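Working notes for the structure below.
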2 protein chains.
Amino acid sequence: MPATGVPAAPAGQPLAQHTGYLLIKLGEVTLAIAERALAPLNLRARHFNVMTMVAADITLSQQDLSGQLGLDPTIMVALVDDLERRGFLRRERSQKDRRRYVLQLTPAGQRTLQRALTVIEEAESKLLAPLNSHEAGLLQELAGRLLAPHWPPRHT
Amino acid sequence: MPATGVPAAPAGQPLAQHTGYLLIKLGEVTLAIAERALAPLNLRARHFNVMTMVAADITLSQQDLSGQLGLDPTIMVALVDDLERRGFLRRERSQKDRRRYVLQLTPAGQRTLQRALTVIEEAESKLLAPLNSHEAGLLQELAGRLLAPHWPPRHT
DNA sequence: TATTGTTATACTCTATAACTATA
DNA sequence: TATAGTTATAGAGTATAACAATA
C-alpha cells in the first residue's frame, strides 16, 4: 500500500480486528466484573488471589507471592497487612529462615475465601454465558497456552 | 464441602483454573507487549487506538472516541493535545455543531500510523505464535463474543 | 554480602468538579 | 438548560530507594 495513505477500515470498529485489542479489553472487563462481584465482601481481586494462593500452599513467602502474582513486593506488604488486620490470615516467621514469613489462613479467612469463591464462580459463569461448555474449555486452554511463555512476568 | 475448610487445590497454580484470572493476566501481558512494541515510535497503545479510530472515521468527536475506547473525556483531551502537538492530527471545528471537534490525521500521522500498525501486527503475531491459524481465528471469535455484551462500558 | 520484609516518598494515572462556548 | 471541550486538582495506585533483621 502507498506510503501516502492508510487503507480504509470498516467504520464500525476498526480495532476489533486486532486480537490483541480484544484481549486487552476483555481483560479489563473481566477484572471489573471480578471487582464488582467481590465488592460486597469488601475484597479486591488481589485479596482473593492472595488468599487462594495461601490456601493452596502454606510455604509461600510474601516475595514468592509477589513473583507469582506479578505484584511489587511493597504492594504485597500492604495487602497482607490488610488481610491480617481483618483477621483473615496470620504471619508467622519461618523456622527454616527467620527472614521469611509463612502465611496461613485463619478459619475466618477460610470461610471468607469460600464465599469469595462462590461469587467469583458465579460471575465467571455469567461472563462465559455466551459460550457453550466446549467453547469455554477451548478458551481456557488457548488463553493458558498464550499466557504460559509470559508468566510470571520478569519485573522490570 | 465443609464450611470449616477450603478444598485442597493443586499447589502449582490454583488460580490458573479460573478462566477469568487467565483472561485478566493475558490482557495485562498483551498490553505490556503492545506498549513495548510501540515505545520506539514514542507512542502508547492509546495513541495507536485513537489514530486508528480517527483514520477509520473522520466524523468522530473527542467524546465519541472516549466512549468507544472506554476512556475518560479528560484523558482524551490530553491524548489529542499530544498527537496534535506532534503533528499527527489536526482539530477542526465541526460545521454542523461548532462545539465539537472533527479530528483528522495529517500525512505525517498517516505515515506514523502505518509504521505503528506494522510493529503492532508483528507483536501480535509473536504473541499468537503458540496457536495455529484456526485456533487464532477461534480465539478472536470467542473473545469478540464475550466482549460484545460489555463494550463499550457504561462510564461509572 | 545477599535476601526478606518494611517504610517513606516520589511519581504516574485517573477521575471530579467547575468553567467556556456553543447549542 | 444541556452538551463538547477544557482546566485544575485531588485521590488512588505504583514503583523507588533506603533501612533492619537475618542468612
Side-chain angles (χ1 to χ4, degrees), chain A residues 24-25 27-28 31-32 34-36 38-39 42-47 49-50 53-54 57-85 89-104 152-156, chain B residues 24-25 27-28 31-32 34-35 39 42-47 49-50 53-54 57-85 89-104 152-156:
Chain A
I24 293 167
K25 291 310 180 184
E28 292 174 2
L31 176 60
E35 300 280 11
R36 218 177 308 140
L38 291 171
N42 279 309
L43 294 176
R44 303 286 307 269
R46 290 166 171 197
H47 294 119
N49 292 341
V50 167
M53 296 286 288
V54 168
D57 185 350
I58 288 188
T59 71
L60 295 171
S61 70
Q62 291 183 192
Q63 295 206 9
D64 291 334
L65 286 171
S66 304
Q68 295 208 33
L69 295 176
L71 300 177
D72 193 276
T74 62
I75 295 180
M76 188 57 59
V77 172
L79 259 178
V80 172
D81 277 352
D82 192 36
L83 290 173
E84 189 180 39
R85 194 180 320 116
L89 62 73
R90 276 192 300 267
R91 280 190 249 234
E92 292 176 17
R93 288 292 179 184
S94 165
Q95 296 301 351
K96 301 181 179 177
D97 181 346
R98 295 192 47 75
R99 293 172 302 181
R100 300 164 60 106
Y101 279 126
V102 161
L103 306 177
Q104 199 167 235
R154 65 184 186 288
H155 43 76
T156 318
Chain B
I24 293 167
K25 291 311 179 184
E28 292 175 1
L31 176 59
E35 300 280 10
N42 278 310
L43 294 176
R44 303 286 306 270
R46 291 167 168 193
H47 294 119
N49 292 341
V50 168
M53 296 286 286
V54 168
D57 185 351
I58 289 188
T59 71
L60 296 172
S61 70
Q62 291 183 192
Q63 295 205 11
D64 291 334
L65 287 170
S66 305
Q68 296 207 33
L69 295 176
L71 300 176
D72 193 276
T74 61
I75 295 179
M76 188 56 59
V77 171
L79 260 179
V80 172
D81 276 353
D82 193 36
L83 290 172
E84 189 180 39
R85 194 179 321 115
L89 61 74
R90 276 192 300 265
R91 279 190 250 235
E92 293 177 16
R93 288 293 178 182
S94 164
Q95 297 300 351
K96 302 180 178 178
D97 182 345
R98 296 194 45 76
R99 293 171 302 180
R100 301 165 59 104
Y101 279 127
V102 162
L103 306 177
Q104 198 166 237
R154 66 185 186 288
H155 44 74
T156 318

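Bear in mind that the values here come from a model prediction, so they are computed numbers and not experimental data. Quick note on labels: first sequence line is chain A, next is B, and so on, each numbered from 1.
Annotation: salt bridge (Lys or Arg N to Asp or Glu O under 4.0 Å) contacts involving residues 73-83 of chain B, sequence neighbours excluded, comprise D81(B)-R91(B), D82(B)-R85(B), D82(B)-R86(B).
Going from atom OG1 of T59(B) over to atom NZ of K96(B) covers 8.5 Å, rounded to the nearest 0.5 Å. To the nearest 0.5 Å, atom CE of residue M76(B) and atom CG of residue L79(B) are 5.5 Å apart.
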Discussion item. Between L71(A) and N49(A), is the side-chain contact (heavy atoms from CB on, under 4.5 Å) condition met? List the steps.
Written reply: CA-CA 11 Å; L71(A) 300 177; N49(A) 292 341; over 6 Å; no
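Regarding R91(B), its CZ atom lies at a distance of 9 Å from the C1' atom of dT6(D), rounded to whole Å. At whole-Å resolution of the value, CG in L60(A) and C1' in dG5(C) are 16 Å apart. Straight-line distance from the CD atom of E92(B) to the P atom of dT22(C): 16 Å, rounded to whole Å. Rounding to whole angstrom units, OH of residue Y101(B) and C1' of dT3(D) are separated by 15 Å. Per the geometry, CD belonging to Q68(B) stands 14 Å off P belonging to dA4(D), to the nearest Å.
Side-chain nitrogen and oxygen atoms of Q63(A) include at least one within less than 4.0 Å of the OP1 or OP2 phosphate oxygen of dT4(C).
With sequence neighbours left out, the salt bridge (charged side-chain N to carboxylate O under 4.0 Å, His left out) criterion links D72(A) to no other residue. Partners of L31(A) under the side-chain contact (heavy atoms from CB on, under 4.5 Å) rule, at least two apart in sequence or in another chain, are E35(A), A45(A), I24(B). Qualifying side-chain hydrogen bond (donor to acceptor under 3.5 Å, both in side chains) partners for S94(B), counting only residues two or more places apart in sequence or in other chains: none. With sequence neighbours left out, the salt bridge (charged side-chain N to carboxylate O under 4.0 Å, His left out) criterion links R93(B) to no other residue. Remark: D97(A) engages R99(A) in a salt bridge (charged side-chain N to carboxylate O under 4.0 Å, His left out) (not counting sequence neighbours). Residues passing the salt bridge (charged side-chain N to carboxylate O under 4.0 Å, His left out) test with R100(B) are D64(B), sequence neighbours excluded.
Near-neighbour residues of DNA chain C inside residues 71-79 of chain B, defined by a heavy atom below 4.0 Å, number-ordered: D72(B), T74(B), I75(B).
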Fill in: Sugar-phosphate or base contact per nucleotide [nucleotides 18-23 of chain D; S, B, -; heavy atom under 4.0 Å]
---BBS
Under 3.5 Å, N/O pairs linking protein and nucleotides 10-13 of chain C:
residue	atom	partner	partner atom	Å
dC13(C)	OP1	R44(B)	NH1	3.2

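Between D81(A) and R100(A), the residue anchored nearer the 5' end of DNA chain C, judged by the nucleotide with its closest heavy atom, is R100(A).
In this structure, V50(A) and L69(A) have side chains that are in contact, with non-hydrogen atoms separated by less than 4.5 Å.
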